[in-house]
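Accompanying notes for the structure given below.
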Amino acid sequence: MANDAAINGYSEEGKYITLISSDGFEYVVLREATEISPTIKSMLRNPFSESRTGRCDFPEIRSVVLEKVVEYFHYWYKNRDKDDVPDMNIPVEICLELLMAADYLGLDAKPTQPAIRD
Amino acid sequence: MSRQNRANGRRIMGPQSALTDFLASHNISALQIRNEAEQRRRAAAQDSQDNEDDQENEEANLGGDASITLDTSATVETVAESPARTLRTRRGAQAEAQRKKEQQVIEKIKASKKFKKRKRGPNENSDDEDEIIQALARERAAPLPGQMENCTQCGKRFTVTAYSRNGPDGGLLCTPCGKELDKDNIAPKKKPKRASGGAVGRRRQVQSKILDGTYSLGGKSLMTLCIETLAKNIDLAEDLGDLPTSVIDKIARKLSKHRLMDSRTLSLFLQPTAEEVYIYDASKLNADDFNRIFQSVPCLKKLKVRNGIHFKDEVVDYLISRNLELTDLYLSGSNLISEAKWIELIEKKGHVLKSLRVYWTDKHFTDKVAGRIRDVCKSLERVKVCHNQHLTQVGVVDLASVKSLRHLSLDMREPVRPDMYIEALDGRGAYLQTLSLTRVPELDNSVLDAIHHKCRSLKKLRITDSEVATDAGFVRLFKDWENPGLTFLDLQKCRQLESHRPRENPDKIGLCSNGFRALMAHSGKTLKYLNVHGCRHIEASAFEDVFSAEKVYEEITKMEISFCEEVTDFVVGSIFRSCPNLRELNVFGCMKVKDVRVPRGKILVGVPNARGMVIDGDDDA
């Protein structure tokens, strides 16, 4: 994936990207871990400002929810080749909001498939 | 007491017996017992009344009794008042010996595992060692299995067994009293259920997922996690908010899977702006709930109701009365809709209907209804009727002659003559994209020929359980067929049924080697799903030809070749080589498959070996 970055000419952003929530919190995440989300992936691939700065704004997502999303990115990245992974804990009170964020970020079916093809 | 004394009073002369040796090794001396017995006898004779009741003595008494019990192994009668106690005060030396002995017993009890356990045990809050020692001493004094004892509750005499229960205040209970006691404490005896299955449970879970086809490496998707959490806490949800339809559908599926769809949770899915309502398990909904769907979703276009038992005449009446234009209707298990209501529904709402799927609505969906569908439903594209007892071949022809039909699926209970299928195909054959004929034992080569001649746009074809179609028929069907390649083909159990000589198939009945070669030559490049389950007469050479090294079938993702006897390890390996995108291969009952190397990420189901039914590939091939 780092090679992809080099080919597309934005290798200077490096391994990490920044996700910004609606209330201004910033989360620095491993670029590879966010590849699971087709939405973020395309934000970073295409010639949008995000691909130059490595900063993605999410004005619809609250920090509580985005934090959980970031936690999921790491959870997925850590377990991407493992069998029988324990479920991540989802707090009930932000469940619906998180669901909406997951839909927005395209985190639905078969998370490992795109990674294998890459 | 008297019997004991008699036994002990008898003098045994001669060399030491093995028993004496044994008793001596357990710190029990025959001499001492004899002395004690004599003392007691004397004491009884003197009949002196001197009661001293200190606790230590009590313990000693019990301990002493225990050892006596062991010594004599005779029936024990409770010693109501031990004369030894009275003696002890008189004879200091004897008392000293006795005290030593009881001290020994206490030490023994203290050293025993039971004592340590009790001391540590959560139920025993009291640290009072004496109490525990007493209790244990009492236990030791209890009669052994096989002896007789009086029940402490009812006083009846009974034989002690290993299963005799202890009474609430010590002592043993007879069987009926023990059972009574059991009845009283049933609740605390229940063990708390284990939360997780442990290693075995997890492994089982993984295998179950593989068989379900929902298995994948790595963690679950965030959406799945959220939906599962939501389903677990659905009673807290008041409104699902502004979620997209696909997500709502996923939630609905999850809830139905857990049988949580009821009047209350149904409200979550009835959004006024929705056009689709899919209920995957409506068994808990009643007629009012169905009416509520039509009230609160005014733009309803697609309705799916599985297990909709209460979707009955009054619901249909209400549906007819509303200004709804349903395009898709899927009903499963709605047995209570009468024939007249079906006809009324078709007449009033049929003209906009695009898709009608009816499962398990046994008797009232009849040929008459099919006839009305043919006359009224001018835009109907998809018809599926499954498990219906009153639809006959007449109805089939009616359904197939709907002018706009593109998808026809039938799973009939009534037999259908092959010429009826031909007649059905005559009309719409060229436009059909789906032709699914499940369980059609009578279907013969003439129908296959009709498909060959008529069908030009088929994508999905299913013909199962044909007992008369032959290999030659299948060859004719696929050879030079002008229909473009199929994406879905299911020819399972098209084979000869002959129990006397099952391996001989002189007439080449069913899908055999040449038919298989022909179908792969025709559709191999486009097929995504192939099922030749139970086509036993496809030879190994046919599989080897079809999946030879130079042939590649990019599209196939799932294949079912169970009960094809000739499939070997080599064939399975070749299939994995020729189908790079194959995800799952079923080989139940292929007894020649023994030890295959499965590429990573692929799933082989049904291997007859001790590892279980499933191999999930771990080779990086």
Side-chain angles (χ1 to χ4, degrees), chain A residues 19 29 32-40 58 60-62 64-118, chain B residues 196-210 213-251 253-254 268 557 580-581 583 599-602 614 616-618 620:
Chain A
L19 308 179
V29 198
E32 266 182 66
T34 62
E35 300 264 329
I36 175 65
S37 160
T39 313
I40 296 184
F58 294 105
E60 307 90 2
I61 304 180
R62 287 197 299 147
V64 198
V65 180
L66 193 60
E67 190 179 324
K68 208 68 197 173
V69 172
V70 169
E71 189 189 328
Y72 175 77
F73 283 147
H74 285 133
Y75 161 84
W76 171 80
Y77 187 68
K78 201 176 73 194
N79 296 311
R80 65 197 184 288
D81 274 336
K82 287 189 192 148
D83 240 357
D84 189 22
V85 182
D87 287 351
M88 196 177 87
N89 187 36
I90 307 283
V92 180
E93 55 280 7
I94 61 164
C95 187
L96 275 178
E97 263 185 279
L98 197 57
L99 194 53
M100 253 180 267
D103 182 55
Y104 174 71
L105 295 170
L107 300 171
D108 44 6
K110 299 254 162 73
T112 46
Q113 293 310 70
I116 286 172
R117 292 216 183 105
D118 255 14
Chain B
S196 81
V200 176
R202 266 203 304 279
R203 207 156 52 233
R204 197 196 152 280
Q205 194 70 43
V206 170
Q207 301 227 326
S208 158
K209 271 192 200 160
I210 292 173
T214 52
Y215 173 82
S216 63
L217 277 176
K220 288 178 187 161
S221 76
L222 184 57
M223 198 174 276
T224 313
L225 289 170
C226 286
I227 290 173
E228 279 172 4
T229 314
L230 185 62
K232 267 183 220 155
N233 301 286
I234 197 67
D235 45 323
L236 299 175
E238 280 167 7
D239 183 11
L240 290 181
D242 210 8
L243 289 168
T245 325
S246 61
V247 178
I248 288 187
D249 186 50
K250 276 182 189 161
I251 299 171
R253 283 169 193 262
K254 194 81 203 168
L268 298 173
T557 53
N581 292 316
R583 196 169 145 67
R600 186 172 173 76
K602 320 238 164 196
V614 174
D616 168 40
D618 40 19
D620 280 312

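We use all heavy atoms of the structure for the numbers below, so side chains are in, but hydrogens, waters and symmetry mates are not. The sequence lines fix the lettering, A, B, ..., with proteins before strands; numbering per chain opens at 1.
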If you compare all heavy atoms of [X] against all heavy atoms of [Y], which two are closest, and at what distance to 0.1 Å?
| X | Y | result |
| --- | --- | --- |
| B:Cys226 | A:Cys95 | O-SG, 3.2 Å |
| A:Asp87 | B:Lys220 | OD2-NZ, 3.0 Å |
| A:Val92 | B:Thr229 | CG2-CG2, 4.3 Å |

field: Atom pair CG (A:Leu107) and OG1 (B:Thr224), whose distance is rounded to the nearest 0.5 Å
entry: 10.0 Å
message: Once rounded to the nearest 0.5 Å, what's the spacing between atom CG of A:Leu99 and atom NZ of B:Lys250?
response: 9.0 Å
message: Quick one, A:Trp76 and B:Ser221 - any side-chain contact, counting heavy atoms below 4.5 Å?
response: no
message: When you compare the side chain of A:Ile90 with that of B:Leu222, does any pair of heavy atoms fall below 4.5 Å?
response: yes
- request: Apply side chain to side chain contact (heavy atoms under 4.5 Å, CB included) to A:Leu96 and B:Leu243, showing your working.
  value: CA-CA 9 Å; A:Leu96 275 178; B:Leu243 289 168; 4.0 Å; yes
message: If I measure from the heavy atoms of chain A, does B:Ile251 come under 4.5 Å with its side chain, its backbone, both, or neither?
response: side chain
